[in-house]
Asker: 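Below is a structure I'd like to ask you about.
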Amino acid sequence: MPELPEVETTRLGISPHTINETVESVLVRQSSLRWPVPRSLAKKISGKTLLGIERRSKYLLLQFEHGGLIIHLGMSGSLRIVDADLELRKHDHVIIHFSNNKELRFHDPRRFGCVLWQSGDVYSHKLLQSLGPEPLSDKFTPEHLYNLSRKRKVAIKNFIMNANIVVGVGNIYASESLFMSGIRPSRQAGKVTRKEFERLTQNIKRVLAKSIKQGGTTLRDFVNGNGEPGYFKQSLHVYGRENEICTTCDSTIKQVTIGQRSSFYCPACQH
DNA sequence: ATCGCCTCCTGCGCGC
DNA sequence: TGCGCGCAGGAGGCGA
């Protein structure tokens, strides 16, 4: 479900209620997520104060003095802040109770997400090694994409969705940024020109920044930390618009499968 | 090294 | 109303 803007929206939503608060208790109702939730989680963070929440790629990093919690929302996960007396829902798997009587609840029907613990420097965790640059940072440049893409036969859409190349670009924003750049999602990455990478880099930054501003994209169930939807859906040009008219010409948006994922493009605007 | 396929899991909307 | 099917915002792991 969530791509970078949705994860960032979640971070912004839960931070004010949790940072500088002390964990009173932890309840793990379902430890069978993508990887098992560590049994020692409650022992690790009970009585400890949350110092800050950072985001790297689509991972949320909850920093404590002696280590960090690594949370990934997978396809269907969400984090919400609620008053502790609110009834638990089905699929509320991990509940962190803070001293201000708020609870952070990890909810994930499909259980593709994870809640992990890394002692010491949270960034030393294996999952955070070999990640590409953050798309909204200065390290993400046209040269970066150009250099890594030479001789690569993979479709450009898969290329920009590869977290080793650049993090945070998921299925929605890959289709959107390629449309904005006039590049067909099926093009071989190695055949995309320098000039096209300049547009693509710019448009990835643009589309992600704009979506964060609008609170992310809510297709069916995404809500921010306070239970509110995002409003970027109304800005989508191609994603989920198969058989509809292109927003810039009179052609019909096509849907194809690339790398087992639905992809959307305008056959007239994108080459 | 690179690529493409499979997998984990539940819920929803659709057609019959 | 109910059932079966296909599809869904991710991404690690594997074999070729």
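Each chain gets a letter, A, B and so on, in the order the sequences are listed, and its residues count up from 1. These numbers were taken from a predicted model, which means no experiment stands behind them.
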Asker: Indicate whether any N or O donor in one side chain lies under 3.5 Å from an N or O acceptor in the other, for A:Asn171 and A:Lys157.
Answerer: yes
Asker: Does A:His72 make a side-chain N or O approach to OP1 or OP2 of C:dG12 shorter than 4.0 Å?
Answerer: no
Asker: Base, sugar-phosphate or nothing for A:Arg261? Non-hydrogen atoms, less than 4.0 Å.
Answerer: base
Asker: Using a cut-off of less than 4.0 Å, is there contact between a side-chain N or O of A:Tyr239 and OP1 or OP2 of C:dG9?
Answerer: yes
Asker: What's the gap between C:dG9 and B:dC3 when it is taken at their C1' atoms, as a whole Å value?
Answerer: 23 Å
Asker: Below 30° counts as parallel, above 60° as perpendicular, anything between as tilted: where do the rings of A:Phe106 and A:His93 land?
Answerer: tilted
Asker: Considering only the P atoms, how many Å lie between B:dC9 and C:dC3, rounded to the nearest integer?
Answerer: 23 Å
Asker: Whole angstroms only, please: what is the NZ-C1' distance between A:Lys157 and B:dC3?
Answerer: 15 Å
Asker: Applying the 5.5 Å / 30° rule, does A:Phe112 stack onto the base of C:dG10?
Answerer: yes
Asker: Expressed in angstrom and rounded to an integer, what is the separation of A:Gln30 atom CD from B:dC8 atom C1'?
Answerer: 13 Å
Asker: Any side-chain N or O of A:Arg34 below 4.0 angstrom from OP1/OP2 of C:dA11?
Answerer: no
Asker: Do any side-chain nitrogens or oxygens of A:Lys90 fall under 4.0 Å of OP1 or OP2 in B:dG11?
Answerer: yes
Asker: Is any side-chain nitrogen or oxygen of A:Lys153 closer than 4.0 Å to OP1 or OP2 of B:dC3?
Answerer: no
Asker: Under 4.5 Å between any side-chain heavy atoms of A:Thr201 and A:Phe140, yes or no?
Answerer: yes
Asker: Out of C:dG9, B:dC3, B:dC6, which nucleotide sits closest to the side chain of A:Met75?
Answerer: C:dG9
Asker: Are any of the side-chain heavy atoms of A:Arg206 and A:Asn203 separated by less than 4.5 Å?
Answerer: yes
Asker: Expressed in angstrom and rounded to an integer, what is the separation of A:Asn171 atom CG from C:dG10 atom P?
Answerer: 6 Å
Asker: Can you figure out which of C:dG10, B:dG11, B:dC3 approaches the side chain of A:His91 most closely?
Answerer: B:dG11
Asker: Could you tell me the separation between the CZ atom of A:Phe159 and the C1' atom of B:dT2, rounded to a whole number of Å?
Answerer: 12 Å
Asker: I'd like to know whether A:Glu134 forms a salt bridge (charged side-chain N to carboxylate O under 4.0 Å, His left out) with A:Arg55, so could you lay out the CA-CA distance, the side-chain angles of the two residues, the decisive distance to 0.1 Å, and finally the verdict.
Answerer: CA-CA 10 Å; A:Glu134 286 290 325; A:Arg55 179 191 55 73; 2.9 Å; yes
